[in-house]
Amino acid sequence: MIDIKLIRENPELVKENIRKKFQDEKLVLVDEVKALDEEYRALRTKADELRSQRNAISKQIGALMGQGKKEEAEQIKAEVKKIGEQIEECELEEPKLEEKIRERMLVIPNIIDASVPIGKDDSENVEIEQFGTKRTFDYEIPYHTDIMESLNGIDLDSARKTSGNGFYYLTGDIARLHSAILAYARDYMVGKGFTYCIPPFMIRSEVVTGVMSFKEMENMMYKIEGEDLYLIGTSEHSMIGRFIDTINDENKLPMTLTSYSPCFRKEVGAHGIEERGVYRIHQFEKQEMIVICKPEESMDWYNKMWRYSVDLFLSMNIPVRTLECCSGDLADLKVKSCDVEAWSPRQQKYFEVCSCSNLGDAQSRRLKIRVKGENGNYLPHTLNNTVVAPPRMLIAFLENNYNEDGTIDIPEVLQPYMGGQKKIVKK
RNA sequence: GAAGAAGUACUCAAGUGGUUGAAGAGGUGGCCCUGCUAAGGCCAUAGGUCGGCUUGUCUGGCGCGAGGGUUCAAAUCCCUCCUUCUUCGCCA
């Protein structure tokens, strides 16, 4: 959500940004907001003047009543009542205009960073850099769930029975590996100075509508029946929700948090891709990182954050690349965003495992997250990035550490979390 | 989950419809007094947010947990919700 002042003062810049994102159908919104805003402010001024009058005259009534001059008071009452009716008319219009402005402001995209490559959709995303050395395999690498099954590590059939498609039982060393990766990722981020946080896994509808659009909510969120509660789709929801409508001390910045949570997603409309395995599922666990910082520091943090993910994957022998989101593929709230993709030797391609985003002040503005600085309050910048989301990253993990005999090498960094075990073998 | 009580600013707190332009105290900051310390005195302390233009040491609206309602007028009366405390219940 951009600053409406930008539309008042520099609508052309906002329009140019919309063109860069190939959303020309939204160009008209800028002029609409400009007109609605003028109308709103004029109405607001009129209503405020009326309220001011009413306040003044009402006070006179109080004074007259105090002096016992009832008749005079009654006369003035009638007068104020008229003003009250006029105010009521304005008050009927005010929220309507406000809503019209807000619904347009919510879909006008954030101003993207000058460095973002211009492109229509995800096909024009740009590979930035590859990291790590791809291991050469002279044997076939099985499908990831086949690897898991061969190690007695997964039971999809039972999960389908108890919960349906998109759920899994992880068992034995694979389940342990899953937990080990999360624990390692947590400690890795703590080592970078981040504060570990376990947030609520359910949030109120008020928070949900704050952090996402109605459409996203319908497609993603599970609702608890009979309660005003939703299962979170990512810990970012409760992590950022924590700061809604707060004023924070500047000396607490930057706030660097790493959170763990299970994530629940309906995945409505996601069909065809990797449905068989654990690539896209209704329930998974994720370690996340969140940064709230001064505006001038957000790009530095952005670059540090994706790099943290890259290094984490490299430490587990998984080659990765960074892929920058082009203008057209960038979500409307984001200033700049890139994915970290892991190498799949089986498919001979990279696939998304992390998504790092700089939202600028758009999220702060929308959620009223403010910072009390020396020269008044300002909106901080917010960023988020995946540290690791094990079920999906297990795919890359198992493939890249797979040996011809069907065993899995456990990288050194994970061994302490696996009781010193160096390999996963069939039992 | 049940019953009762409460929610006012940095903190405590007065306030049952109209000089409340939210008292008072503590704390904090500034100044005075003082050889130093303690004590004391004076002053400031409602932030936030949205507007207006004459851009100011200006001005108006909103704002007493949140949202509605009643009224000429609401911190005050009514309704819904949230939170906290007490007691009971349940529970890893």
Side-chain angles (χ1 to χ4, degrees), chain A residues 1-9 33-106 198-211 223-230 237-238 241-252 262 361-380:
Chain A
M1 196 172 176
I2 60 166
D3 192 345
I4 196 165
K5 281 186 192 140
L6 205 55
I7 290 182
R8 282 178 203 156
E9 287 158 15
V33 167
K34 202 158 183 279
L36 286 165
D37 178 53
E38 275 161 26
E39 194 184 337
Y40 172 72
R41 283 186 297 157
L43 181 70
R44 204 36 210 275
T45 306
K46 185 181 155 200
D48 280 357
E49 275 165 13
L50 288 168
R51 288 191 190 103
S52 176
Q53 278 179 37
R54 181 179 64 184
N55 288 347
I57 301 176
S58 276
K59 211 156 288 170
Q60 284 177 27
I61 297 175
L64 290 169
M65 297 292 261
Q67 292 162 24
K69 296 177 182 170
K70 274 208 168 168
E71 277 179 33
E72 280 181 55
E74 286 302 326
Q75 270 181 1
I76 303 180
K77 262 195 197 180
E79 197 183 321
V80 183
K81 191 155 192 173
K82 271 183 203 161
I83 298 176
E85 282 160 10
Q86 281 177 276
I87 293 173
E88 217 166 302
E89 279 174 36
C90 295
E91 280 176 350
L92 235 69
E93 284 308 307
E94 269 178 62
K96 283 188 203 161
L97 282 171
E98 256 176 308
E99 185 47 37
K100 277 185 193 170
I101 293 170
R102 189 177 161 80
E103 70 190 20
R104 284 166 178 75
M105 287 303 287
L106 283 175
I198 302 174
F201 302 155
M202 299 183 207
I203 50 176
R204 293 211 172 103
S205 59
E206 194 189 18
V207 181
V208 179
T209 52
V211 296
K223 189 179 191 317
I224 305 294
E225 199 175 342
E227 306 271 341
D228 180 30
L229 285 172
Y230 289 78
H237 294 154
S238 30
R242 189 180 176 196
F243 296 100
I244 290 178
D245 204 6
T246 56
I247 299 171
N248 301 276
D249 266 338
E250 191 174 45
N251 58 29
K252 284 188 188 150
D361 64 9
Q363 193 171 42
S364 305
R365 180 171 298 106
R366 182 167 167 182
L367 301 178
K368 297 188 181 122
I369 302 172
R370 287 149 294 172
V371 170
K372 191 175 198 164
E374 276 181 25
N375 305 312
N377 291 356
Y378 61 89
L379 298 165

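Every chain is numbered from 1 and lettered A, B, ... according to where its sequence line falls, protein lines coming before strand lines. Remember, predicted model here, so these are calculated numbers, not experimental data.
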**Q** For B:rC62, give its Watson-Crick or G-U wobble partner with both distances under 3.5 Å, or none.
**A**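 Partner of B:rC62: B:rG48.
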**Q** On RNA chain B, does the nearest nucleotide to A:Ala78 precede the nearest nucleotide to A:Glu49 from the 5' side, or the other way round? Give the residue.
**A** A:Glu49
**Q** More 5' along RNA chain B: A:Lys77 or A:Asn377, using each one's nearest nucleotide?
**A** A:Asn377
**Q** Which value, in whole Å, describes the distance between the P atoms of nucleotides B:rU86 and B:rG18?
**A**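 Pairwise P distance, B:rU86 against B:rG18, rounds to 35 Å.
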**Q** Whole angstroms only, please: what is the NZ-P distance between A:Lys372 and B:rG48?
**A** 6 Å
**Q** May I ask you to say whether A:Asp48 pairs ionically with A:Arg51, meaning some side-chain N is under 4.0 Å from a carboxylate O?
**A** yes
**Q** Would you mind reading off the distance between A:Glu94 atom CD and B:rG51 atom P, rounded to a whole angstrom?
**A**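 Taking atom P of B:rG51 as the reference, CD of A:Glu94 is at 12 Å.
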**Q** Taking atom P of B:rC53 as reference, at what distance in whole Å does atom CZ of A:Arg8 sit?
**A**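 Distance, rounded to whole Å: 11 Å.
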**Q** Are the charged groups of A:Glu93 and A:Lys96 less than 4.0 angstrom apart, N to O?
**A** yes
**Q** Taking OP1 and OP2 of B:rA73, is either one under 4.0 Å from a side-chain nitrogen or oxygen of A:Arg54?
**A** yes
**Q** Counting N and O atoms only, with roles assigned by atom type, does the side chain of A:Arg8 sit under 3.5 Å from a partner on the main chain of A:Ile4, one being a donor and the other an acceptor?
**A**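 Answer holds: no.
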**Q** For A:Arg51, report the nucleic acid contact type (base, sugar-phosphate, nothing); a contact means any heavy atom under 4.0 Å.
**A**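 Answer is sugar-phosphate: A:Arg51 comes under 4.0 Å of backbone atoms only.
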**Q** Work out how far the P atom of B:rA13 is from that of B:rG47, and round it to whole angstrom.
**A** 23 Å
**Q** Using a strict threshold of under 4.0 Å (side-chain N to carboxylate O), is an ion pair present between A:Asp228 and A:Lys223?
**A**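 Salt bridge absent between A:Lys223 and A:Asp228.
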**Q** Using OP1 and OP2 only, check whether a side-chain N or O of A:Arg44 sits under 4.0 Å from B:rG52.
**A** no
**Q** How would you label the contact of A:Arg365 with the nucleic acid (heavy atoms, under 4.0 Å): base, sugar-phosphate, or nothing?
**A**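 Touches nothing.
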**Q** In whole angstrom, what separates A:Asp48's CG from B:rC53's C1'?
**A**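 About 14 Å, once rounded to whole Å.
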**Q** Identify the nucleotide, in any strand shown, that forms a Watson-Crick or G-U wobble pair with B:rU54, with both distances under 3.5 Å; if there is none, say none.
**A** none
**Q** Return the nucleotide paired to B:rC33: Watson-Crick means purine N1 to pyrimidine N3 with N6-O4 or O6-N4, wobble means G-U with N1-O2 and O6-N3, both under 3.5 Å.
**A** none
**Q** Indicate yes or no for a side-chain donor-acceptor contact from A:Arg366 to the backbone of A:Gly210 under 3.5 Å, with no hydrogens or angles considered.
**A**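 Flag set: sc A:Arg366 to bb A:Gly210 pair under 3.5 Å.
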**Q** For B:rG4, give the paired nucleotide (Watson-Crick: N1-N3 plus N6-O4 or O6-N4; G-U: N1-O2 and O6-N3; both under 3.5 Å), or none.
**A**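 B:rG4 is paired, partner B:rC85.
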**Q** Quick one: look up who B:rA38 pairs with, Watson-Crick or G-U, both distances under 3.5 Å, and put none if it's unpaired.
**A** none
**Q** Under 4.0 angstrom, heavy atoms only, what part of the nucleic acid is A:Ile247 near: base, sugar-phosphate, or nothing?
**A**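 Sugar-phosphate only.
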**Q** Test side chain to side chain contact (heavy atoms under 4.5 Å, CB included) on A:Asp245 and A:Arg370 and set out the steps.
**A** CA-CA 8 Å; A:Asp245 204 6; A:Arg370 287 149 294 172; 2.8 Å; yes
**Q** In whole angstroms, how far is the P atom of B:rU70 from the CD atom of A:Glu88?
**A** 8 Å
**Q** Expressed as a whole number of Å, how far does the P atom of B:rA6 sit from that of B:rC10?
**A** 24 Å
**Q** Taking atom P in both B:rC82 and B:rG67, compute the distance separating them and give it to the nearest angstrom.
**A**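 15 Å, rounded to whole Å.
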**Q** Determine which nucleotide pairs with B:rC77, using a 3.5 Å limit on both distances of a Watson-Crick or G-U wobble pair.
**A** B:rG69
**Q** Report yes if a side-chain nitrogen or oxygen of A:Asn55 is closer than 4.0 Å to either non-bridging phosphate oxygen (OP1 or OP2) of B:rC62; otherwise report no.
**A**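 A:Asn55 to B:rC62 OP1/OP2: side-chain N or O found under 4.0 Å.
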**Q** I'd like the P distance from B:rU28 over to B:rG35, given in whole Å.
**A**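 Each nucleotide's P atom is 25 Å from the other's.
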**Q** Could you tell me how far B:rU70 sits from B:rC78 if I compare only their P atoms? Round to whole Å.
**A**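 Pairwise P distance, B:rC78 against B:rU70, rounds to 15 Å.
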**Q** Does B:rC72 have OP1 or OP2 under 4.0 Å away from a side-chain N or O of A:Lys81?
**A** yes
**Q** Should B:rU11 form a Watson-Crick or G-U wobble pair with both distances under 3.5 Å, which nucleotide is its partner?
**A** B:rA25
**Q** For nucleotides B:rG7 and B:rG15, find the distance between their C1' atoms and express it as a whole number of Å.
**A** 15 Å
**Q** Give a yes or no answer on whether the side chain of A:Asp3 reaches the backbone of A:Lys5 with a donor-acceptor pair at less than 3.5 Å.
**A**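 Here the side-chain-to-backbone pair exists.
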**Q** Roughly how far apart, to the nearest Å, are B:rC64 and B:rA74 at atom P?
**A**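 Result for the P pair: 11 Å, nearest Å.
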**Q** Could you state the CD1-P distance from A:Ile87 to B:rG61, rounded to the nearest angstrom?
**A**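 From A:Ile87 CD1 to B:rG61 P: 11 Å.
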**Q** Whole-Å distance between B:rG63 P and A:Asp245 CG?
**A**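 So the CG-P distance, A:Asp245 to B:rG63, works out to 16 Å.
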**Q** Taking any heavy-atom pair under 4.0 Å as a contact, classify A:Asp228: base, sugar-phosphate, or nothing.
**A** nothing
**Q** Specify the separation, in whole Å, of atom CZ of A:Arg204 and atom C1' of B:rU80.
**A** 14 Å
